[in-house]
Amino acid sequence: MKRIMLVFGTRPEAIKMCPLVNELKTRHGVETLVCVTGQHREMLRQVLDAFRVEPDYDLEVMSPGQTLFDVTEKVLAGMKKVLEAARPDVVLVHGDTTTTFASALACFYLGIPVGHVEAGLRTYNVKAPYPEEFNRQAVGIVADYNFAPTPLARDNLLREGKLPQSIWVTGNTAIDALGTTVVNDFTHPDLSWAEGSRLVILTAHRRENWGEPLHHIFRAVRRVAEEFPDVKVLYPIHLNPLVREAAREELTGCDRVRLIEPLDVVAFHNFLARSYMILTDSGGIQEEAPSLGKPVLVLRDVTERPEGVKAGTLRVIGVNEDVVYREFKALLTDEELYNRMSRAQNPYGDGLASQRIADILTKGRTSI
Ligand code: UD1
Ligand code: UDP
């Protein structure tokens with residue numbers, strides 16, 4: 001019996017790992033173990049409930065306003081104990097969070113093989129996104145199995161000297177999740193509020209946008225919302241107190257912008273599917289939007305997801321207030337631009353990524 005442990009801690013990791021957990025649980029000859037670090041608490045629970053995944057281990061590391069030091073040291077120490085007790089044959093981590101980095105490091109110290117799901121994304125600017133670019137490059141150094149979502153991600157890994165036999169292009173498990181969530185008959189009170197208007201979804205939480213950049217973004221959104229009576233903006237705010245404070249400061253009292261609590265993943269995907277466009281600094285949403293055919297203005301200076309830019313759905317616009325204002329307004333007024341960006345494209349796979357990863361792990365590998 002092969003013991004495979006999946007470790008994750010934040011909302012986006014959970015959304016992309018739960019489909020794999022559920023796929024592995026259907027396989028014979030595998031014992032599937034789930035360890036959550038609890039880097040997120042409520043936002044993680046929303047996803048576990050949606051996919052009906054119950055963790056075997058929970059490190060419960062989250063504290064309000066946690067620093068990178070807090071998360072790194074608690075995850076490293078907590079994973080040591082879990083790994084020593086469970087002794088998995090392989091540990092799967094996802095993407096680029098501090099949970100991912102510290103868990104992979106713990107495995108490396110204990111000599112346990114690591115599989116990296118969503119491997120090979122790069123900006124090659126270690127400060128953007130921060131600290132995620134460092135995290136994923138560091139995991140790349142120790143990973144034995146690299147599950148690259150796209151050929152471009154594979155090429156990054158090859159250029160860095162990873163062995164070709166250690167890399168598989170699988171598609172992104174984000175698309176697996178999306179295949180199960182969007183339904184025709186979805187209703188929600190906040191969707192009713194936006195009925196008859198063009199619904200814009202806003203999300204922003206990135207560490208490098210804390211402070212002035214968030215204020216720039218919110219001021220630009222407010223200016224546009226106040227100018228366009230047929231636009232309604234819904235912003236499910238991340239639970240980080242710093243982000244919530246900035247949003248409240250800039251957006252309170254604006255009738256056409258509604259600040260709401262984080263949505264569960266089923267609701268959020270259905271909101272995206274019914275939106276006119278999206279403004280975000282999120283990583284995962286950049287993968288989901290192209291397959292839904294929703295134009296995205298990416299509130300960052302760089303992206304590690306150039307496939308969506310190439311497909312025409314994403315525009316990376318940065319965080320300057322006047323630029324965000326101008327680009328947002330352009331998508332509301334320039335029909336040709338809107339139509340060009342809203343053609344459904346899907347560079348991130350066919351929804352079978354979890355199956356492929358499970359096959360590779362259970363049917364054995366031929367090399368490395
Ligand atoms: C983390 C990841 C980031 C990922 C993001 C997804 C790192 C360094 N950052 O950033 O890569 O894009 O998650 O959302 O790994 N909080 C709650 N409840 C929750 C979740 C968060 O109250 O369920 C609050 C807490 O006060 C917490 C704070 O948010 O201290 C920040 O959480 P943290 O995980 O440190 O950073 P994120 O910005 O969420
Ligand atoms: N998401 C969600 N509820 C929300 C906002 C986002 O379920 O209220 C989902 C979204 O569909 C995507 C993921 O959360 O799959 C993105 O998470 P986040 O923006 O927190 O992190 P990132 O992708 O930037 O790492």
Side-chain angles (χ1 to χ4, degrees), residues 8-19 36-51 60-72 74-75 93-103 118 121 128-136 138-139 172-178 181-182 188 190 201-210 214 234-245 259-273 275 278-289 291-292 294 296 298-300 303-305 348:
F8 48 92
T10 66
R11 170 173 67 188
E13 294 164 81
I15 291 172
K16 296 173 184 176
M17 288 292 254
C18 283
V36 296
T37 63
Q39 178 176 340
H40 283 176
R41 187 174 296 151
E42 303 84 346
M43 286 160 57
L44 177 69
R45 181 37 64 191
Q46 283 182 317
V47 186
L48 295 171
D49 289 346
F51 288 93
E60 294 186 344
V61 306
M62 200 198 89
S63 60
Q66 62 204 2
T67 65
L68 296 175
F69 289 92
D70 298 329
V71 182
T72 306
K74 286 189 201 165
V75 172
V93 296
H94 181 278
D96 54 24
T97 69
T98 296
T99 283
T100 315
F101 162 64
S103 303
E118 200 178 274
L121 276 64
Y130 173 88
E132 290 82 2
E133 179 67 13
F134 165 79
N135 289 341
R136 58 191 169 221
V139 176
N172 196 309
T173 55
I175 306 301
D176 306 14
L178 204 55
T181 49
V182 178
H188 192 286
D190 290 316
I201 303 290
L202 168 66
T203 82
H205 71 85
R206 294 233 83 77
R207 203 163 280 263
E208 64 271 22
N209 281 344
W210 292 358
L214 279 182
L234 270 176
Y235 178 13
I237 318 182
H238 190 290
L239 290 176
N240 188 328
L242 279 172
V243 176
R244 292 167 92 81
E245 205 177 292
L259 308 182
I260 58 175
E261 292 304 316
L263 291 162
D264 69 75
V265 60
V266 174
F268 189 73
H269 285 175
N270 278 284
F271 276 50
L272 286 186
S275 69
I278 300 155
L279 288 153
T280 191
D281 65 4
S282 156
I285 297 170
Q286 293 179 59
E287 290 150 357
E288 294 160 350
S291 63
L292 294 168
K294 302 298 175 183
V296 181
V298 180
L299 304 164
R300 303 185 182 190
T303 183
E304 61 288 85
R305 290 160 170 100
Y348 297 111

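Order of appearance sets the numbers: ligands from 1, and atoms from 1 within every ligand. All values below were derived from every heavy atom in this structure, side-chain atoms included, with hydrogens, water molecules and symmetry-related copies excluded.
Here Arg11 pairs with nothing under the salt bridge (charged side-chain N to carboxylate O under 4.0 Å, His left out) rule; sequence neighbours left out. Residues forming a side-chain contact (heavy atoms from CB on, under 4.5 Å) with Ile278 (at least two apart in sequence, or on another chain): Ile201, Leu272, Ser275, Thr280, Ile285, Ala289, Lys294, Val296.
Side-chain contact, Gln39 with Thr98: no donor N or O sits under 3.5 Å from an acceptor N or O. A donor atom on one side chain and an acceptor atom on the other are found under 3.5 Å apart for Thr37 and Thr99.
By the neighbour-count criterion of 12 heavy atoms within 6.0 Å, atom CD of Glu245 is sparsely surrounded, having that number or fewer from other residues, nucleotides or ligands.
In this structure, Pro129 and Arg206 approach most closely via the heavy-atom pair CB-NE, 3.9 Å.
Within 4.0 Å of ligand 1, protein heavy atoms come from Thr10, Pro12, Gln39, His40, Arg41, Glu42, Met43, Met62, Ser63, Pro64, Gly65, Gln66, Leu68, Thr97, Thr98, Pro131, Glu132, His205, Arg206, Arg207, His238, Leu239, Asn240, Pro241.
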Need the list: ligand 2 N/O atoms against protein N/O atoms, distance under 3.5 Å, rounded to one decimal.
from: ligand 2; atom 1: 3 (N); to: Arg11; atom 2: NH1; distance (Å): 3.4
from: ligand 2; atom 1: 3 (N); to: Leu263; atom 2: O; distance (Å): 2.8
from: ligand 2; atom 1: 8 (O); to: Leu263; atom 2: N; distance (Å): 2.9
from: ligand 2; atom 1: 11 (O); to: His269; atom 2: NE2; distance (Å): 3.2
from: ligand 2; atom 1: 11 (O); to: Glu288; atom 2: OE1; distance (Å): 2.8
from: ligand 2; atom 1: 11 (O); to: Glu288; atom 2: OE2; distance (Å): 3.2
from: ligand 2; atom 1: 14 (O); to: Arg11; atom 2: NE; distance (Å): 3.4
from: ligand 2; atom 1: 15 (O); to: Glu288; atom 2: OE2; distance (Å): 2.5
from: ligand 2; atom 1: 19 (O); to: His205; atom 2: NE2; distance (Å): 3.4
from: ligand 2; atom 1: 19 (O); to: Ser282; atom 2: OG; distance (Å): 3.0
from: ligand 2; atom 1: 20 (O); to: Arg11; atom 2: NE; distance (Å): 3.3
from: ligand 2; atom 1: 20 (O); to: Arg11; atom 2: NH2; distance (Å): 2.9
from: ligand 2; atom 1: 21 (O); to: His205; atom 2: NE2; distance (Å): 3.4
from: ligand 2; atom 1: 23 (O); to: Ser282; atom 2: OG; distance (Å): 3.2
from: ligand 2; atom 1: 23 (O); to: Gly283; atom 2: N; distance (Å): 3.2
from: ligand 2; atom 1: 23 (O); to: Gly284; atom 2: N; distance (Å): 2.7
from: ligand 2; atom 1: 24 (O); to: His205; atom 2: NE2; distance (Å): 3.0
from: ligand 2; atom 1: 24 (O); to: Arg206; atom 2: NH1; distance (Å): 3.0
from: ligand 2; atom 1: 24 (O); to: Ser282; atom 2: OG; distance (Å): 3.4
from: ligand 2; atom 1: 24 (O); to: Gly283; atom 2: N; distance (Å): 2.8

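Although no hydrogens or angles enter the test, the distance criterion places a donor-acceptor pair under 3.5 Å between the side chain of Asn209 and the main chain of Leu299. Between the side chain of Gln46 and the main chain of Pro262, a donor-acceptor pair closer than 3.5 Å is present.
Using bins of under 30°, 30° to 60° and over 60° for the plane-to-plane angle, the ring pair Phe101/Phe134 lands in the perpendicular bin.
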